[in-house]
*Asks:* 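Got a structure here, written out as structure tokens. Questions coming.
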There are 2 protein chains.
Amino acid sequence: MATPDRPGFALPLLLLAGFRTLVDDLHAELARQGHPELRPAHGFVLQAVGPAGTTASDLGQRLGVSKQAAGKTVDRLVALGYLERVDDPADARRKLVRMTEKGRDGLRRSAAVFDQLRDRWTATLGADRVAAIEDDLRRMVPADVFRLDVPGWFGG
Amino acid sequence: MATPDRPGFALPLLLLAGFRTLVDDLHAELARQGHPELRPAHGFVLQAVGPAGTTASDLGQRLGVSKQAAGKTVDRLVALGYLERVDDPADARRKLVRMTEKGRDGLRRSAAVFDQLRDRWTATLGADRVAAIEDDLRRMVPADVFRLDVPGWFGG
DNA sequence: CTATTCCGTCAACCACGTTGACTATCGTAC
DNA sequence: GTACGATAGTCAACGTGGTTGACGGAATAG
């Protein structure tokens with residue numbers, strides 16, 4: 001089991017390791033650029049909030065977690081200064097969750113650093129190999145694995 | 001940022017999605033085969049315990065977490081019947097952590113299901129593409145991302 | 001006007017991780 | 001032989017990221 005002739009764990013382990021490598025590198029660089037408190041999960045949350053803002057319930061749906069979990073995550077990001085809550089004038093039940101300037105800065109830097117990291121992969125593997133990995137993964141990943149498909153944010 | 005012409009988040013997101021796809025499929029199948037309580041993290045722990053058994057401190061080192069965290073994880077897996085603790089006759093401080101027959105069964109089935117899933121990827125993408133993904137990832141992942149390299153268990 | 005649905009929140013709980021402190025034991029140096 | 005430092009396991013407190021259930025207030029469908 002999981003010996004060289006029976007491939008076993010290699011593929012999933014490598015996918016996870018590849019992801020972790022990218023994310024570890026990202027956060028090391030983000031810490032250097034003034035965002036040491038940004039954790040891996042926060043990036044997805046900021047992406048899901050988006051430039052237009054959203055509500056906690058909607059955020060939960062986009063991230064595939066309960067509205068309560070989304071609310072607690074927003075609490076933490078508000079405490080860290082990345083998000084703010086404002087009352088919705090049109091609906092007194094709702095509280096809009098919006099990015100602060102610090103949030104926008106973190107997201108901008110994340111995207112820039114990810115681009116650099118992808119460039120590093122391209123330099124080592126070649127553009128066609130990186131594109132092939134992305135193509136192949138796209139073919140194997142069912143659409144609903146990421147309920148988080150904010151249009152225009154993931155290049156897909 | 002992260003628009004189609006600036007690749008941004010696509011690669012890391014796809015790596016994570018690929019991993020999640022495989023792991024979700026694995027656990028759906030494991031649940032069907034009598035292991036509904038096995039969670040993603042447990043597979044790594046059982047791998048790290050290995051056929052020979054180990055101690056909580058050593059386990060923590062292999063998994064890259066504190067000995068306390070490893071101990072708590074062992075507690076849960078003991079409660080679920082996958083691991084057992086036995087006193088080390090040679091050293092009264094130590095408590096050997098060993099797999100039960102249920103643990104061995106879960107690990108065997110995990111490896112078998114992963115093999116099947118890899119076959120499914122091979123059927124869709126072709127053997128050379130899957131091998132290319134694994135090759136490329138191996139080249140990009142630093143050796144220390146997985147402190148968990150039990151010889152003979154990961155085919156690498 | 002009323003019934004229902006929706007939004008945010010509170011509370012309790014679980015999984016998984018951290019640090020710090022503590023006991024018991026082992027190995028060694030004296 | 002004993003004293004001492006290193007090691008193994010555990011306990012407590014805490015943080016983060018999730019869950020479910022319950023609840024009050026606001027919007028909306030009838």
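Chain A is the first sequence line, chain B the second, and so forth, proteins listed ahead of strands; every chain is numbered from 1. Just so we're clear, the structure is a prediction, and the values are computed from it rather than from any experiment.
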*Asks:* Check whether B/L59 and B/L96 end up in the same hydrophobic cluster, where Ile, Leu, Val, Met, Phe, Trp and Tyr are linked by side-chain heavy atoms less than 4.5 Å apart.
*Replies:*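 No.
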*Asks:* From the list C/dC16, C/dG17, D/dT19, which nucleotide is the closest neighbour of the side chain of B/R76?
*Replies:* C/dC16
*Asks:* How about B/R109 and B/L38: do any of their side-chain heavy atoms sit closer than 4.5 Å?
*Replies:* no
*Asks:* Do B/R94 side-chain atoms and B/D88 backbone N/O form a donor-acceptor pair below 3.5 Å?
*Replies:*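 Checked: no pair found.
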*Asks:* Looking across every strand, which nucleic acid part, if any, lies under 4.0 Å from A/A69 by heavy atom: base, sugar-phosphate, or nothing?
*Replies:*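 The residue A/A69 makes base contact.
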*Asks:* What's the CG-C1' distance between B/L63 and C/dC16, to the nearest Å?
*Replies:* 12 Å
*Asks:* Rounded to the Å, how far apart are A/D75 CG and D/dG18 P?
*Replies:* 13 Å
*Asks:* Below 4.0 angstrom from OP1 or OP2 of D/dG17, is there any side-chain N or O of A/H42?
*Replies:* yes
*Asks:* So do B/K102 and B/H35 actually touch side chain to side chain, heavy atoms under 4.5 Å?
*Replies:* yes
*Asks:* Measure CD/B/Q61 against P/C/dG17 and give the value in whole Å, please.
*Replies:* 16 Å
*Asks:* Could you tell me whether the side chain of B/Q68 has a donor or acceptor atom within less than 3.5 Å of a complementary atom in the base of C/dG20?
*Replies:*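 Side chain to base: pair present.
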*Asks:* From C/dC16, C/dT19, D/dT16, pick the nucleotide closest to the side chain of B/R39?
*Replies:*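 Closest of the options to the side chain of B/R39: C/dC16.
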*Asks:* Measure from NZ on A/K72 to P on C/dC7 and round the result to the nearest Å.
*Replies:*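 To the nearest whole Å, that distance equals 20 Å.
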*Asks:* Taking only heavy atoms on the protein side, list every residue of residues 80-96 of chain A lying under 4.0 Å from any atom of DNA chain C, sorted numerically.
*Replies:*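 Under 4.0 Å from DNA chain C: A/R85, A/R93, A/R94, A/K95.
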*Asks:* OP1 or OP2 of C/dG8 less than 4.0 angstrom from a side-chain nitrogen or oxygen of A/S57, does that happen here?
*Replies:* yes
*Asks:* Could you tell me how far apart B/E37 (CD) and D/dT19 (C1') are, to the nearest whole angstrom?
*Replies:* 16 Å
*Asks:* Between A/T100 and A/Y82 (side chain of the first, backbone of the second, donor and acceptor by atom type, cut-off under 3.5 Å), is there such a pair?
*Replies:* yes
*Asks:* Between B/S66 and A/K67, name the one whose nearest nucleotide on DNA chain C is closer to the 5' end.
*Replies:* A/K67
*Asks:* Do A/R108 and A/E101 sit within salt-bridge range, that is, some charged N less than 4.0 Å from a carboxylate O?
*Replies:* yes
*Asks:* Closest heavy-atom contact between B/V49 and B/T54?
*Replies:*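 Heavy-atom minimum between the residues: CA-CG2, 3.8 Å.
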*Asks:* From CG of B/D58 over to P of D/dA8, roughly how many Å is that when rounded to an integer?
*Replies:*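 Atom-to-atom, B/D58 to D/dA8, this comes out as 9 Å.
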